[in-house]
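Residue indices begin at 1 and follow the sequence shown. Small disclaimer: the values here were computed from a predicted structure and weren't measured. Side chains included, hydrogens not; waters and symmetry mates left out as well; all remaining heavy atoms used.
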Amino acid sequence: MNSPSAAHANEHRLTLLELVDALIEAGKVPCAEAEAFRQERRYYRGERHPLIVIAEQRWKSVEPPHHVLDLDALTEWLAEWSELPYYHIDPLKVNLSAVTDVMSSAYATRFRILPVEVRANEVVVATAEPFIRGWEAELKPILKKDIRLVIANPEDIARYQVEFFNMAKSVKAALKRGDVARTGINSFEQLVELGKGKASLDANDQHVVMIVDWLWLYAFEQRASDIHVEPRRDMGVVRFRIDGVLHQVYQIPMAVLNAMTSRIKILGRMDVVEKRRPQDGRIKTRSPDGQEIELRLSTLPTAFGEKLVMRIFDPDVLLRDFADLGFSTEDSARWQGMTTQPNGIILVTGPTGSGKTTTLYSTLKQLATEEVNVCTLEDPIEMIEPAFNQVQVVADIGMNFATGIRALMRQDPDIIMVGEIRDIETAEMAVQAALTGHLVLSTLHTNDAPTAITRLLDLGVPPYLIQSTVLGVMAQRLVRTLCPHCKKAGGLRTEDEVLWQGMVAPWKSKKPTQLYHPVGCLECRMTGYMGRLGLYEIMPMTLDLKSMVSAHTDLVQFRERANKAGMQPLRIAGARKVAAGLTTMEEVLKVAPPLHDLTQSQ
């Protein structure tokens, strides 16, 4: 890699011809195409960064494996050529309040720079113009810190300059407006309300509106499934759950956080004044590409104020087939074998957040043809789907699960989905629905599939009714999947073999010859993981298993018999995903319960 010449050290913006010449000299691009482009654009004087113009050509690298030279690849090359570190801007790791205090928005825009980290002794500043350095001498004595220059994607710099500074500006403006409101107290009642810590900011203030809109946009782009807005003693915290893991995004002054919560509650048609009890709401909005997205809201009173969680429902979830959800061919055949039965009960088990609702909705979407009447009873309704008749449980007026099932039975249903079987009354009504010729799908909170049977017995369902109605049980978990762009294969180390044996024992499962490990790249935001898929433990109720159901069912023996009948435990399902290079053993061990001692191994 050739270093830039001494002439490059002069203060100047990068030019298109300069970069094309450097790429040709470095042997990075096909010479004929680059020369033709050079002649065509020799008088180019556009405002766009020259790297962006070059990236649009979609040249393939001359060097193996001949990847397309996109903007990120060209930015990495620019970092090597200019002898500066490459830096990928991850907005989840940027402290917005700290970096926007380093310089003004106008100053950052003027020199096309962006502060990305503020440390004890230095400030990390990203640029895509390595030969504009005069600003360093101006800024260093003001900051009284060293400046470390890094090269970043010019599009990211331009975009985050706008987003970061606008967000910080809105927060400061909202706070300032709140201060004005506080100083404008002209009655004893206002003073009392202020003393109680009530938010003095208007929830419909344009700055608060902008902050909420930015928050949603940011969450959609980051593939977040949940947004947590959490009050603390001094500052509020915003966190995103991405692929099952929470990431702190921003710290917000409490006055602004309270105004944000009120704004969101207004949009969700919730009681803004009531802060002492939990509330639920729902908002429909659109993503930047125009796709309709639904958010389910939940508030909870905490020691420092109202905590708000927004669950984001992607409508594409209902369009995914079973293979996309993580079902193997064998899993899919077993599941469809149960769900195509005319009547009976099918249970899906697992903890909160294990994907039960997604599985049920995807199943109902396939079953909801014009010939059948599909009704759901939920608390709350997770996603609105026109193909179903969805009913909301309202406990305050006596509309509980059991009452709802009783009402649905008079609506000539073919398939009924009950959100959760929580008590004996609901269980009995589900059994009655199954006995009268309906297919009932529901959920239970148990660790594995066999435990669902003992759970029904504990609730008080008679064994003979379980034998005659339950078609099968499926337990499931979600694991993060390795990023397909950067996962790296490697041979089994001694510690890997020990971990594998601990994961599958006492079962006999063929050890893979290699394992894949997370690396981290721009596509997965340097986490090494992208998306999640399901692990499934499917237990059809065979005649042999039904015969074992009694008031004194031995769970260990029942589980053993289920395994003999072909049930694949969650950890074995995870082991197969690991062997296929889809996830890691660490991910499986985090979510799948340990295998129980079995007298028969497979």
Checklist entry - Do any pairs count as a salt bridge (Lys or Arg N to Asp or Glu O under 4.0 Å) and have a residue in residues 335-361, sequence neighbours left out, and if so which ones? => result none

Next on the checklist: Looking at Arg239 and Asp226, is there a salt bridge between them, counting it only when a charged N and a carboxylate O are closer than 4.0 Å?
Outcome noted: no

Item to check | Test log, rule side chain to side chain donor-acceptor pair (under 3.5 Å), inputs Gln390 and Glu378 | outcome: CA-CA 7 Å; Gln390 296 171 284; Glu378 305 172 65; 3.2 Å; yes

Item to check | Audit row: Asn373, Asp412, side chain to side chain donor-acceptor pair (under 3.5 Å) steps and yes/no | outcome: CA-CA 7 Å; Asn373 176 18; Asp412 186 31; 5.6 Å; no

Next on the checklist: Taking the basic N atoms (NZ, or NE/NH1/NH2) and the acidic carboxylate oxygens, is any pair closer than 4.0 Å for Arg561 and Asp544?
Outcome noted: yes

Checklist entry - Should Thr359 and Trp335 be marked as a side chain to side chain donor-acceptor pair (under 3.5 Å) after you check the CA-CA gap, both sets of side-chain angles, and the distance that decides it? => result CA-CA 11 Å; Thr359 299; Trp335 181 245; over 6 Å; no

Checklist outcome for this item: Hits for ring-ring contact (aromatic ring centres under 6.0 Å, His included) against Tyr86, two or more places apart or cross-chain, chain-then-number order -> none

Item to check | From CA spacing to verdict: salt bridge (Lys or Arg N to Asp or Glu O under 4.0 Å), Glu306, Lys265 | outcome: CA-CA 11 Å; Glu306 271 190 303; Lys265 287 174 70 176; 3.0 Å; yes

Item to check | Where at least one partner belongs to residues 570-580, residue pairs that pass side chain to side chain donor-acceptor pair (under 3.5 Å), sequence neighbours excluded | outcome: Gln568-Arg576

Checklist entry - With a 4.5 Å heavy-atom cut-off, do Leu96 and Gln251 have their side chains touching? => result no

Next on the checklist: Quick check against the 3.5 Å criterion: does Thr426 have a side-chain atom that pairs as donor or acceptor with the backbone of Arg422?
Outcome noted: no

Next on the checklist: Test: ring-ring contact (aromatic ring centres under 6.0 Å, His included). Region: residues 419-466. Which pairs qualify, not counting sequence neighbours?
Outcome noted: none

Checklist entry - Does the side chain of Asn563 come within less than 4.5 Å of Pro569's, by heavy atoms? => result yes

Item to check | Check against salt bridge (Lys or Arg N to Asp or Glu O under 4.0 Å), Arg159 and Glu163 | outcome: CA-CA 6 Å; Arg159 173 191 168 188; Glu163 289 191 7; 2.9 Å; yes

Item to check | Residue pairs, two or more places apart or on separate chains, that pass ring-ring contact (aromatic ring centres under 6.0 Å, His included) and touch residues 512-555 | outcome: Phe327-Tyr536

Checklist outcome for this item: In Arg286, Arg311, Arg282, the residue satisfying salt bridge (charged side-chain N to carboxylate O under 4.0 Å, His left out) with Glu294 is Arg282

Next on the checklist: Assess whether a salt bridge exists between Glu330 and Arg334, defined as any Lys/Arg side-chain N lying under 4.0 Å from an Asp/Glu carboxylate O.
Outcome noted: yes

Checklist entry - Can you pull the salt bridge (Lys or Arg N to Asp or Glu O under 4.0 Å) pairs that have at least one residue in residues 584-593, sequence neighbours excluded? => result Arg480-Glu587, Glu587-Lys590

